[in-house]
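Keep in mind that what you see is a predicted model, and the values were worked out from it rather than measured. Here is how names work: the chains are called A, B, and so on, in the same order as the sequence lines, proteins then strands, and each is numbered from 1.
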Amino acid sequence: MGRNQKSADSFAGLPISSVENQRETLLTWYANACRDLPWRGSTDPYPIWISEIMLQQTQVKTVIPYYHRWLAEFPTIETLATADLQQVLLVWQGLGYYSRARNLHKAAQQIIQDYGGIFPDQLSDVLALPGIGRTTAGGILSAAFNQPVPILDGNVKRILARLVALSVPPAKATKKLWQLSESLLDPEHPGTFNQALMDLGATICTPKNPDCCHCPWQSHCQAYNLGIASKLPMREASTPLPHKIIGVAVIWNNQEQILIDRRPAQGLLGGLWEFPGGKIEPDETVADCIKREIREELGIEIEVGDRVITVDHAYSHFRVTLIVHHCRHLSGVPQALECDEIRWVTLEEIDQFPFPKANTQIIGALRQETERM
DNA sequence: CACCCGTGGGT
DNA sequence: TACCCAAGGGT
């Protein structure tokens, strides 16, 4: 668009086609400033899908090594669909939000069943796959098929909240924000536009200290013009996280094996393995707690010995302190009373099982003890 | 709609 | 230390 054309589109110094100008400004910025990310440059929906799921609530830097390992292990939808869920969880181990891995596995099987292994390109079909909501569907369809489907992730919420100087927390204005994202989306270049929005949020319009000086939308941004860019978006009222103290047992038999259990398939850390234990009740000692929990969960009697380690860990909606003790199996046959499965394993075999982060710290402490001897 | 669901990094 | 936040979705 030449200078003459631009001037014909303006009135009293204000561009009539302000939205078109805004789109072009962002795309021009992106052409120079875009991040070089492993899942960009291809339009194969499978790797784009994997990246979108891994990037949910997870930073790019964290995702990249997992992304490469995943595609090496499961290079196609078919290899993912036919893989064992425990193997899928093992590759996902450490990324968190494990329902994402379980849903990827399930969705891959649905794509084989319902679409002959071809990733669908209809919005309603994509939204019907487990683990894919509006934002992820928009990310996949715009990046893989250049379809004009908007997105509203954390980056876009923050950008839009500042753009219109939103006076309420974004969660209270999701409908309005979706409408904004849709109305801004470039109908000619939706894939590039959505990527550009996310890069703008990740590199310029950051949560703290936004770099407004280099922002292509500076003149469009109401928060900037009001001098309150860094004060927005408004935050939700937060309640302090509850804190639980947990007694944990590393139960040894007389063959140098440890008893581990697999958590129920759904819910917190579903399908992952752990060391058994439970919450310390008021006025209960750690040893009494561990003995009681092991009796309730596994139906056996144990002796509680030395402390292995104490682990502090923060989950998304509570935090825990795990007080871990060596224990010795005294009597009874272990039963899976409150879990899906139990096993005796050696310290060498234990890497074959997916464990949550707090438990891998325990394994590390056990390894250090054996190395010292 | 409120709550559940992990982990790492920044301040 | 404690809190915030990150390419959200399911129930």
- Message: Tell me if the CD atom of A:Glu78 is crowded by more than 12 foreign heavy atoms within 6.0 Å.
- Response: no

- Run the salt-bridge test on A:Glu296 and A:Arg292 with the 4.0 Å N-O cut-off and return the result as yes or no. yes

- Which residue pairs pass the salt bridge (Lys or Arg N to Asp or Glu O under 4.0 Å) test when at least one of the two sits in residues 252-280 of chain A, sequence neighbours left out? A:Arg262-A:Asp340, A:Arg262-A:Glu341, A:Arg263-A:Glu274

- Does some side-chain heavy atom of A:Leu200 sit less than 4.5 Å from a side-chain heavy atom of A:Cys215? yes

- Hey, would you say the A:Tyr315 and A:His317 ring centroids sit under 6.0 Å apart? no

- Mind running a 4.0 Å heavy-atom check of residues 56-76 of chain A against DNA chain B and sending the residues that fall below it, in number order? A:Gln57, A:Thr58, A:Gln59

- Item | Residue pairs involving residues 192-206 of chain A (criterion salt bridge (Lys or Arg N to Asp or Glu O under 4.0 Å); sequence neighbours excluded) | A:Arg35-A:Asp199, A:Arg40-A:Asp199

- Cationic tip of A:Arg100 above A:Tyr97 ring, under 6.0 Å, 45° of axis: no

- Comparing A:Leu37 and A:Ile132 on DNA chain C - which has the more 5′ nearest nucleotide: A:Leu37

- Message: Can you pull out every salt bridge (Lys or Arg N to Asp or Glu O under 4.0 Å) where at least one residue sits in residues 300-323 of chain A? Sequence neighbours excluded, please.
- Response: A:Arg295-A:Glu301

- Message: Short of 4.0 Å, heavy atom to strand atom, which residues of residues 169-198 of chain A count as contacting DNA chain C?
- Response: A:Gln195, A:Met198

- Under a 4.0 Å heavy-atom cut-off, which of residues 133-159 of chain A touch DNA chain C? A:Gly133, A:Arg134, A:Thr135, A:Thr136, A:Asp153, A:Gly154, A:Asn155, A:Arg158

- Ordered by number, residues from residues 309-324 of chain A within less than 4.0 Å of DNA chain B (heavy atoms) are A:His313, A:Ala314, A:Tyr315, A:Ser316, A:His317

- Task: Run the ring-centre check on A:Trp217 versus A:Trp29 and record whether the distance is less than 6.0 Å.
- Result: no

- Apart from A:Ile245 itself, what residues make up its hydrophobic cluster, given side-chain heavy atom links below 4.5 Å? A:Ile251, A:Leu259, A:Ile280, A:Val286, A:Ile290, A:Ile294, A:Leu298, A:Ile300, A:Ile302, A:Val304, A:Ile323, A:Ile342, A:Trp344

- How does DNA chain C look in dot-bracket notation if pairs are Watson-Crick or G-U with both distances under 3.5 Å, crossing ones as [ ], other-strand ones as |? .|||||.||||

- Query: Do A:Phe119 and A:Trp49 come within less than 4.5 Å of each other through their side chains, counting heavy atoms only?
  - Reply: yes

- Task: On DNA chain C, reading 5' to 3', which nucleotide is the first and which the last to sit with an atom under 4.0 Å from a heavy atom of chain A, could you check?
- Result: C:dC4 to C:dG10

- Message: Per the salt bridge (Lys or Arg N to Asp or Glu O under 4.0 Å) rule, what does the pair list look like for residues 149-166 of chain A, sequence neighbours excluded?
- Response: none

- Sequence neighbours left out, what passes side-chain hydrogen bond (donor to acceptor under 3.5 Å, both in side chains) with A:Gln59? Give chain and number order. none

- Message: Other residues, nucleotides and ligands only: do more than 12 of their heavy atoms fall within 6.0 Å of CZ on A:Arg343?
- Response: no

